[in-house]
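Quick notes on the structure that follows.
Lettering of chains follows the sequences in order, A, B, ..., and the numbering in each one begins at 1. Only a predicted model underlies this, so the values are computations on that prediction, with no experimental measurement involved.
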2 protein chains.
Amino acid sequence: MGSRKTTPLNNPTLENLHCSIELKTEKLGMVPFFQDLKQPELDKVVEKFSANHFSEGDEIYYQEDPAHYLRVIVEGAVKLLRYTDEGKDVVLDILNPGSYFGSLKLLGSDVYTESAVAQSGCCILSIGLKDFKEVLQEYPAVSIALLESSSEKLRASQEQVKQLTTQSVEKRIANILLTLSGKFGEEKDGGTLLQLPFSRKDLADMAGTTTESASRVMSTFQKEGIIETGRQWVAIQDIERLRSVTKS
Amino acid sequence: MGSRKTTPLNNPTLENLHCSIELKTEKLGMVPFFQDLKQPELDKVVEKFSANHFSEGDEIYYQEDPAHYLRVIVEGAVKLLRYTDEGKDVVLDILNPGSYFGSLKLLGSDVYTESAVAQSGCCILSIGLKDFKEVLQEYPAVSIALLESSSEKLRASQEQVKQLTTQSVEKRIANILLTLSGKFGEEKDGGTLLQLPFSRKDLADMAGTTTESASRVMSTFQKEGIIETGRQWVAIQDIERLRSVTKS
DNA sequence: GCACTAAAATGATATAGATCAAATTAGTGT
DNA sequence: ACACTAATTTGATCTATATCATTTTAGTGC
């Protein structure tokens, strides 16, 4: 046994995705902008969040929907994307546990400008924007830390702009793999398995290319021993070579 | 007279760019995140800003420099860009009066991730991050409003990502002209003159293309009567046609 | 182990836009 | 009005990547 081919990805059981109050608190405490809160303060904030479970492929919200919540990932991965009029999808980001998403429009009303899809089964905490505004007013340190996170996201997006305009498809894909490895990488027999299901199409939509081109690049990487890959999974075998593809 | 060809752009005199205290107050009051402040509060905040003048082409700061200030444009235009290792420039944005830029890293130290260049002569207000942090702590409403501005910038950047991955050069350029028209447009004999000096190279660096390609697109637009253009200036003659280029 | 299917790979071709190389011209200073 | 120069335009290729068309295969359920 063990010879039969199966996906190397974990298939998390439902229990893992059910958020206990302890898990909620633990994960919210890891969110950068709550890190300055003391335990009793954090406990009070945690109460305002409610937990939801989503299965792989579920839409968490759809672009153009009225935006009422800020969300934080406890477990699993979330894909943020835009569907264009011409039917092409643009993946803006894939988020890991501890990341926030949704709306930060605390004044007036708002509409989501992207869609959020559960990339794997996941557990998500949500807080209404009205409640969140109260948190910010009560703890100015949270606002300030949040501002930093928000700047950080802007930078990441600008980096994406830079790559799209100046780098080849091969380099963009190498960069994406490296980024994902930082977020979802798990050591596994000599390599780094990206612990999330994602297809050539996902990769292509992240890199701003086609599935075919993404596939060709991945084939090359595999032939060169840089990665191992199958359906919906990738493991990085030689991260240094991957980094060197990025440069040069 | 009048028959000699000269640029239609205003060449602002130095006086206009010298920031009087009244101009400072007026412009800071227009900045979205100070809009909720009452006059006496605003006056106190204004004191913490200092004014500087920059001539066209001056570097306001350079990427990788240590970041100590948040800045607000009173007069003129500022270009934010990244120089890549391969020598290509990526223009991230061109900002108009009332916009902020610089750093929002209030915790720990930081380094600018892009360069800022005076696109025209301009007057800029700066506030040290330490002082600014105090403002935020004193007026939580400012933090909240700033968070909105920051989200708005993220959206704009994501929109740029979307366009780069899904739209042709021609459409991207049409979109850029429309955006700039909103920021810098001035009615002038039947058309909308973009009141800022910017070259084909600037346009190309914004659109993620080459000067030659940008030039070809602009030539087409001019032949079709959609725009009029010369060295470093553009006027939009038929904004509806330009919008329709965007779609289709 | 076998059949099944959606994902991935591969091949052939087309094309938008890059690149390289000149020619032209708009706007300035005198 | 004239000379000057950097910005712009235009032309002729070249190439990375998209597109279209099939084939192959990884992983699942039985």
Between [X] and [Y], does at least one N-O distance fall below 4.0 Å, as a salt bridge requires?
X	Y	result
B/Asp110	A/Arg155	yes
B/Asp93	B/Lys183	yes
B/Asp205	B/Arg200	no

[atom1] of [X] versus [atom2] of [N]: gap in Å, rounded?
X	N	atom1	atom2	value
B/Leu164	D/dT17	CG	P	15 Å
A/Glu228	D/dG27	CD	P	11 Å
B/Ile173	D/dT9	CD1	P	11 Å
B/Asp205	D/dT8	CG	P	12 Å
B/Ile227	D/dT8	CD1	P	11 Å
A/Leu9	D/dG27	CG	P	9 Å
A/Arg216	C/dT10	CZ	P	9 Å
A/Glu212	C/dA12	CD	P	15 Å

Pair B/Gln63-B/Glu114, side-chain donor/acceptor within less than 3.5 Å: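 No donor-acceptor contact under 3.5 Å links the two side chains.
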Distance-only side-chain donor-acceptor flag, B/Gln119 / B/Asp202, under 3.5 Å: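 Short answer, yes.
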Report yes if at least one side-chain N or O of [X] is closer than 4.0 Å to OP1 or OP2 of [N]; otherwise report no.
X	N	value
A/Ser213	D/dA18	yes
A/Ser215	C/dA9	yes
A/Thr210	D/dA18	yes

Distance-only donor-acceptor test (3.5 Å): side chain B/Arg200, base D/dT10: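 Absent.
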Quiz item: A/Arg231 side-chain donor-acceptor pair to D/dT24 base, under 3.5 Å: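 By the distance-only test, no, there is no pair.
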Could you check whether [X] gets within reach of a base, just the sugar-phosphate, or nothing at all, counting any heavy atom under 4.0 Å?
X	answer
B/Ser168	sugar-phosphate
B/Ser219	sugar-phosphate
B/Gln232	sugar-phosphate

Most 5' of A/Glu170 and B/Thr211 on DNA chain D, judged by nearest nucleotide: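 That would be B/Thr211.
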Residue whose closest nucleotide on DNA chain D lies nearer the 5' end, A/Arg172 versus B/Phe198: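 Upstream on the strand: B/Phe198.
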Along DNA chain C (nearest heavy atom to each residue), the more 5'-positioned of B/Trp233 and B/Val169: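 Looking at DNA chain C, the more 5' nearest nucleotide goes with B/Val169.
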Which nucleotide in D/dA18, D/dT9, D/dA7 has an atom nearest any side-chain atom of A/Thr209: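 Given the options D/dA18, D/dT9, D/dA7, the side chain of A/Thr209 is closest to D/dA18.
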